[in-house]
Every structure is written in structure tokens, then in C-alpha cells.
2 protein chains.
Amino acid sequence: MDLSEGKHQFIQAWGTLGTSWGINKAMAQIHAVLLLAEKPLSTEDIMEALQISRGNANMNVRNLMDWGIVNKVLVPGERKEYFATGKDIWALARQVTVERKKREIEPILKVLGQMKNVEGEESEALEEFRQVTKDIEDFTIKVDNVLDKFYKSDKNWFLKLLMKM
Amino acid sequence: MDLSEGKHQFIQAWGTLGTSWGINKAMAQIHAVLLLAEKPLSTEDIMEALQISRGNANMNVRNLMDWGIVNKVLVPGERKEYFATGKDIWALARQVTVERKKREIEPILKVLGQMKNVEGEESEALEEFRQVTKDIEDFTIKVDNVLDKFYKSDKNWFLKLLMKM
DNA sequence: TTAAACTTTCAGTAAGTTTTGAAAGTTTAA
DNA sequence: TTAAACTTTCAAAACTTACTGAAAGTTTAA
């Protein structure tokens, strides 16, 4: 397989994988294109590379910027906007962690918090309900803490932790 | 809020949350119903509790069984099949980990493995491609290892690890 | 100013996913 | 056996999410 075919395959695959990560295909593919690009790309470059519409390209680039994964790059003397993504995978992972925490963890905690308002005659059924919801909450808080630590950590900390494990 | 309203809200919420976890709504809701039930439920019980069709109930119960989260329970003297889920959240988390690893991590490693077949004249571009794909692979393998450890671990191990962090 | 170059929005359409329910299949017990 | 009780399958319908492309908006520089 030659380089351009490899890149092509990687971009396709990254798009598919993205969907199982809760990231839409175009968003993941744009990220892949930028990751493999040798210089910042314009919206048009992206449209062409992936054969997608202007609206789609624009919206997903913006999403990637909201996630803090892609940056605008201004090329001196050029009017057009260019985009690039960092090639540091650790930084990427940390940013993705924040977003997934926001989407997957925080809403659980919110719902479980509300379950504390359940009241009524004390009974075994009520007791069990409280136990189950509390167990889930305790666990979720722990996961939340781990992800927070990961986010705040640097690569070395993580590697050291792995050693300890 | 009284108990039955609390349960109802929890079941609804668990369904919605499920979708942001890559689990479909009915599957997550069935899990919630079983989690809060005081005894094993039949397909009909589930259909009624969630107002869903037989096909939907059947398919998603089967999915939950494939994930190892729900078990068939045979009630002596009864022809019908009943289903139950464990109330141990740690066990649940570990089983979910296996499935998510299968869906989210393993396919990445497979794609990255294929990227090793990229060949051609040595150039800076090729070098960079190799670097990026290798970085992602290294990181992914580390995450994979952590998840494996978690899966194989018990609750205490995890709690101790949290202390160290 | 103004008009050219560029970016963003959004209503309509397309694609993908989930759900339904009736039909087919299976098991059990009489 | 066979028929009743139950489970599974699957094509079509409903729902959800993503994408398009033209129109509206914004910025820049002459």
C-alpha cells in the first residue's frame, strides 16, 4: 500500500470509528484529514478531500473548534481561513475526555441527584431503590474523578500510573 | 416525588442516557426496568412496562444477554421465560467495559495495524505518517491495557488505585 | 461607500437507525 | 402426534440524525 492509499484508508476508517465513539462521520474524517495534512487546509480543501458540501464542512470544522481539537490558522497575506489540528495524541485524548465527560457522565449525575427527592413510607422497595441509585451514583462519581485527574495530568503522570498498575 | 414516579423517571432518563452511551433507548430502558424490578420479569411484563412491541422487547433482551448483563431465570412450574439483571454496579461496569472495548478500541487497533503495510520511497511525508499512526497506536494500546486491568480487577483494587492517584 | 471574497445559516432532503406487528419457528405436555 | 404456549424473525413504517446547497450575512480592501 502506498502513502496516498494509506492516508485515504485511514481517513475512511477514522470516520467509521468516529461513529462508534459518538462523533459523526464527517467530523471524524475532517479531523483525520487535518491530522495527516502537511499544512493547514481551507474549507475548500476539506470539501474537496472528502467530497462534502460547504455547509457540512463548515459546521463540523466549527464543532471541532468547539471541542478545542482544531484551530484556525491565519496565513499572512491570505484572506481565506485555514485550519489545523495538533498532532499530539495525548493532548487530543485529554480534550476528547472533557467532551465525553460532559456528554456521558454529567447527565447521569444530574438524574441521580434528582432521585434523592424520592420520598415515601419506608419500605423494603424504597430502601432498595435508594441503594441501587446510590451505588450507581458512587460509581459514576469515581469514574468522573478519574477522568478529571486524567484531564489535568500530563503524559508522564499517566505512564507512571500505568507502571503502578 | 414518590417511589413509583421516581422509578418511572429513572427508567426514562436511563433510556435517554443510554443513547449518548451508544446503547439504544429500548435496550437501556429494559435494563433500567430490570434493575428496579423486585423480581424477574417476562417479555410481556417488559412490553407492558415500556409500552413497546414484542419484537423490540425480544431483540433488546437478547442484546442485553449477549452483553452478559441480563440473565434468563427459570421459574419452576412456569413455561414462560423470565429475565433479571444483577444489581452489582461494579460487575455491570466491568461487563460494559468489555463491550465498549470491543466496539471502540479493537477496531482502531485493527486499522492502525494495517497502516504498517504502507510503503514507498522514504520521505518526510511518509515519516510523519508513520509517526502519527504509531502515536495513536501506542496510546490506544495503553488505554486497552488499562481497560483490561479494570475488567480483571475487583472493586478493592480499583478503590486502592484511586487512593494512589 | 461598495463590491468582491469569504463564512454561516437553515429549510428541505437524504441516509441511517429503531420499532412494529404479523408470520414463521420452536418447545412442551397431553 | 398435535395443538397450545411461547419465542424469534424480518419487511415495512416511523423516527432520528446528518447533509446539501442556495441565500443571507460578514469582512476586507480599494
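So that the names make sense, note that chain A is the first sequence line, chain B the second, and so on, each numbered from 1.
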Look at the side chain of [X] and the backbone N and O of [Y], then say whether any donor-acceptor pair between them is shorter than 3.5 Å.
| X | Y | answer |
| --- | --- | --- |
| S20(A) | T16(A) | no |
| K101(B) | E106(B) | no |
| E137(A) | L112(A) | no |
| N63(B) | M59(B) | yes |
| Q95(B) | G68(B) | yes |

* **Pairwise side-chain contact, F10(A) with I136(B), heavy-atom cut-off 4.5 Å (strictly under)** => yes
Write down the distance between [atom1] ([X]) and [atom2] ([N]), rounded to a whole number of angstrom.
| X | N | atom1 | atom2 | value |
| --- | --- | --- | --- | --- |
| K80(A) | dT28(D) | NZ | P | 16 Å |
| R79(A) | dA4(C) | CZ | C1' | 7 Å |
| E78(B) | dT28(C) | CD | P | 14 Å |
| L41(B) | dT7(D) | CG | C1' | 17 Å |

* Parallel under 30°, tilted from 30 to 60°, perpendicular over 60°: which one fits the rings of F150(A) and W90(A)? -> tilted
* **Residues which pass side chain to side chain donor-acceptor pair (under 3.5 Å) with K80(A), listed by chain and number, not counting sequence neighbours** => none
* Structure fact -> The contact string for nucleotides 8-23 of chain D, one letter per nucleotide 5' to 3', using protein heavy atoms under 4.0 Å with B, S and - for base, sugar-phosphate only and none, comes out as BB--------SSBB--
* Structure fact -> Each base of DNA chain C marked ( ) or [ ] if paired in-strand (Watson-Crick or G-U under 3.5 Å), | if paired to another strand and . if unpaired gives ||||||||||||||||||||||||||||||
